[in-house]
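Just so you know, residue 1 is the first one in the sequence shown, and it goes up from there. Note that ligands are numbered from 1 as they come in the structure, with each ligand's atoms numbered from 1 the same way.
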Amino acid sequence: MRQSSLVVVANRLPVDDNSAFDGAFEWRRSPGGLAGALHAILEQTPATWVGWSGHEGPAPDLPDIGSLRMCPIALSADDLAGYYEGFANSTLWPLYHDAVEQAVFDRGWWETYREVNRRFAEAAAEAVEPGGTVWVQDYHLQLVPQMIRERRPDVLIGFFLHVPFPPPELFMQLPRRIELLRGMLGADLVGFQRPQAAHNIAQLTAKLLGAEVTGDDQISFEGRTIRTGAFPMSIDVAEMQALAARRDVRTRAAQLRSDLGRPRRVLLSVDRLDYIKGIEQRLTAYSELLRDGRVKVRDTVMVQVAVPSRERVEKYRRLRDRIESEVGRINGEYGRVGEPAVHYLIQPFDRAELAALYQTADIMVVTPLRDGMNLVAKEYVAARADATGALVLSEFAGAADEFTDAFQVNPHDVDGLKERLLQAMEADPADLERRMTAMRDHLTGHDIVQWARSYLTTLDSTGRVAARIPG
Ligand code: ADP
Ligand code: G6P
C-alpha cells in the first residue's frame with residue numbers, strides 16, 4: 001500500500017461520494033466546520049485522509065482528489081448506532097458542551113466506540129510512512145492516538161479537539177474517563193480551541209493518572225512528554241473575502257434584501273440544528289421583543305438558517321420539532337400576510353449564497369450556549385468588506401476569546417440577550433465600524449492556514465511537517 005508522510009484521521013471524509021459524475025469527485029462542503037476548513041490546506045499537500053463517507057455499509061471506492069488520497073472506513077448500522085449516534089453524540093457531545101442536554105451513559109456503546117476507534121487507528125497506522133505524521137481530529141476518535149502509538153511508535157501523533165474540553169466536575173462523570181484520557185495522551189501534542197481546555201486536561205491527568213504537569217502545557221506520563229495548548233481554529237478568510245467581493249454575490253445580496261421587503265434591519269442566524277446553538281433561547285428573546293413592541297415586523301426581519309443534523313438521535317428530532325412549532329407560533333402571532341416575522345430556512349446553501357446572506361445581515365446573531373469555536377461568526381466578519389454590520393456573540397463560543405469587540409452576551413440570560421440585540425440594532429455606525437474593523441484586523445492575521453501551521457509547527461518543532469503547507 002502507498003504510504004503518505006501526513007495522514008489526517010477524522011470521523012468524516014471531506015468528500016461527498018454522491019457528488020460523482022463521469023468518475024469525477026468534488027470536494028464536499030459538509031454543514032460541519034472541520035471538513036470545509038481543512039480543505040484549503042490539504043488540497044495542496046500530499047496526504048491521506050482516513051474517514052467515514054457518511055453512508056452506512058461497505059466503504060465506497062474513492063479516487064484521489066489532487067494529491068489527497070481517500071481512505072474510507074466502513075461503518076455498519078450497528079457501528080453508527082453505538083459509536084456515532086451513541087457514545088460520540090449522545091454521551092460525549094452533550095457532556096463536553098456543559099451538559100446543556102443530559103448525557104446518556106449506555107454501557108453497550110463503549111465497546112462499539114472502542115472497536116470503531118481501533119479500525120480508524122489500524123487504517124492510519126498502515127497509511128503513514130516511516131517517521132511520518134498522523135493528525136487525529138475530534139471527540140469521535142479520542143482513543144486513536146494511543147492505538148496508533150502502540151502500532152507505530154516511530155511516527156509523530158497530533159490530536160486536536162474541535163469541541164470544548166470540559167472542566168473536571170463534568171469529565172469525572174464519564175464511566176470510561178481513564179481510558180479516554182489515556183487515549184488522548186497517546187499523542188505528542190493535544191490541541192484545543194481555548195486555553196481553559198488545556199488547563200482542564202492538566203488538572204484531570206494529575207488527578208486521575210498521577211501525571212506530572214509542568215505549567216499548563218506539558219504533561220509527563222509513562223516516560224513521555226505530551227504537550228498541550230490552545231490553537232483557535234479559523235476559516236479560509238481569503239475565500240470568503242473573494243466571494244464577498246464578487247459582483248454576482250453583491251447583486252444577490254441586494255436581491256435578498258428586496259425579497260425580504262427592504263426592511264430597515266435584517267437579523268441573521270446560521271446554525272446546524274443542534275441544542276448547543278441556543279436557537280430556542282434566541283427565538284424566545286426575539287418573540288418577546290416583538291410582543292413588547294420594541295421590534296416591529298416590516299421594520300425588522302429575522303432570518304434563521306438551520307441545517308438539520310444527526311436526526312437519528314431523538315434529542316435532535318425533538319429539538320427540530322420544538323423550533324419549528326415556535327417559529328410557526330411567532331409568525332402566527334406577529335407576522336402579516338406576505339411578511340413573516342421569522343424567515344426559517346432548513347436548506348444547505350452554497351458558499352456564494354452564504355456570502356450574500358452575510359452581506360444582507362445588519363446584525364449577525366451567534367448565540368450558542370456552548371460552542372468549541374463557531375466558524376459562522378468568523379465567516380460573517382470576513383464577508384463584511386465595508387466594515388459595517390454588528391456581531392452579537394455568545395461569550396460561550398470559542399470565537400469570543402478573539403472577537404472581544406463583538407456585542408458579547410450570556411445567551412442563558414434572555415433579558416440580557418434582548419438588551420444586547422437592541423443595543424446592536426441601535427448602535428452608532430461609527431461604533432460599529434470601529435468594532436468590525438478590529439475584528440477584521442484580527443481575522444486577517446489568523447486564518448485557517450496559520451492555524452494549521454501553528455499547530456503542526458508545535459507538533460514538529462523541526463518544521464518538517466509545517467514546511468509542506470503552502471502560503
Ligand atoms: P458546527 O461545526 O458546530 O456546525 P460552525 O459554525 O463552526 O459550527 O461551522 C458550521 C459551518 O457550516 C460553517 O462553515 C457554515 O458556513 C456552514 N453552514 C452552516 N449552515 C449552512 C447551510 N445552510 N448551508 C451550507 N453551509 C452551512
Ligand atoms: C462539529 C464537530 C465536527 C462535526 C461537525 C458536524 O463541528 O466538531 O467533528 O463534523 O460538528 O457534525 P456531524 O455529526 O454532521 O459530522
**Prompt:** Touching ligand 2 at all, Arg272? Heavy atoms, strictly under 4.0 Å?
**Reply:**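 Within the 4.0 Å threshold, so yes.
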**Message:** Heavy-atom contact check, 4.0 Å cutoff: does Asp138 meet ligand 2?
**Reply:** yes
**Prompt:** Relative to Phe407, does Arg435 satisfy both conditions: NZ or CZ under 6.0 angstrom from the six-membered ring centre, and within 45 degrees of the ring's axis?
**Reply:**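 Because its charged atom sits under 6.0 Å from the ring centre and within 45° of the axis, Arg435 does stack over Phe407.
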**Request:** Could you check whether the rings of Phe171 and Phe165 sit parallel, tilted or perpendicular, using 30° and 60° as the cut-offs?
**Result:** tilted
**Request:** Please work out whether the ring planes of His446 and His442 are parallel, tilted or perpendicular, with thresholds of 30° and 60°.
**Result:** parallel
**Asked** Would you say Glu379 contacts ligand 1, with heavy atoms under 4.0 Å as the rule?
**Response**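 Glu379: in contact with ligand 1 (<4.0 Å).
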**Asked** Judged by non-hydrogen atoms, does His162 sit under 4.0 Å from ligand 1?
**Response**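 False for this residue.
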Is it true that [X] and [Y] have a side-chain N and a carboxylate O under 4.0 angstrom from each other?
X      : Y      : answer
Asp386 : Arg440 : no
Arg318 : Glu101 : no
Arg182 : Glu179 : no
Asp362 : Arg265 : no
Glu85  : Arg312 : yes

Report, in ascending order of atom number, the atoms of ligand 2 lying under 4.0 Å from any heavy atom of [X].
X      : value
Tyr84  : 13 (P), 14 (O), 15 (O)
Val163 : 8 (O)
His140 : 9 (O)
His162 : 8 (O)

**Request:** Write out all pairs satisfying ring-ring contact (aromatic ring centres under 6.0 Å, His included) with one or both partners inside residues 368-399, taking only residues at least two apart or from two chains.
**Result:** Phe396-His412
Quick check on contacts: which atoms of ligand 1 are under 4.0 angstrom from a heavy atom of [X]?
X      : answer
Arg272 : 1 (P), 3 (O), 4 (O)
Gln347 : 22 (C), 23 (N)
Val270 : 19 (C), 20 (N)
Lys277 : 1 (P), 3 (O), 8 (O)
Val305 : 23 (N)
Arg351 : 14 (O), 16 (O)
Val376 : 6 (O), 15 (C)
Val307 : 20 (N), 21 (C), 22 (C), 23 (N)

State whether the shortest distance between N or O atoms of [X] and N or O atoms of ligand 2 falls below 3.5 angstrom.
X      : answer
Arg310 : yes
Trp93  : no
Arg12  : yes

**Item:** Non-neighbouring partners of Thr112 that pass side-chain contact (heavy atoms from CB on, under 4.5 Å), sequence neighbours left out
**Value:** Asp79, Tyr83, Val116
**Asked** Of the backbone atoms (N, CA, C, O) and the side-chain heavy atoms from C-beta on, which set of Ile276 has a member under 4.0 Å from an atom of ligand 1: side chain, backbone, both, or neither?
**Response** neither
**Prompt:** For the atom pair CE (Met233) and CG (Leu161), what is the distance rounded to the nearest 0.5 Å?
**Reply:** 12.0 Å
**Gln347 atom CD, over 12 foreign heavy atoms within 6.0 Å** =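 Enclosed: over 12 neighbouring heavy atoms sit under 6.0 Å from CD of Gln347.
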**Request:** Decide whether an N or O pair under 3.5 Å exists between Phe349 and ligand 1.
**Result:**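 Yes, Phe349 has an N/O under 3.5 Å of an N/O on ligand 1.
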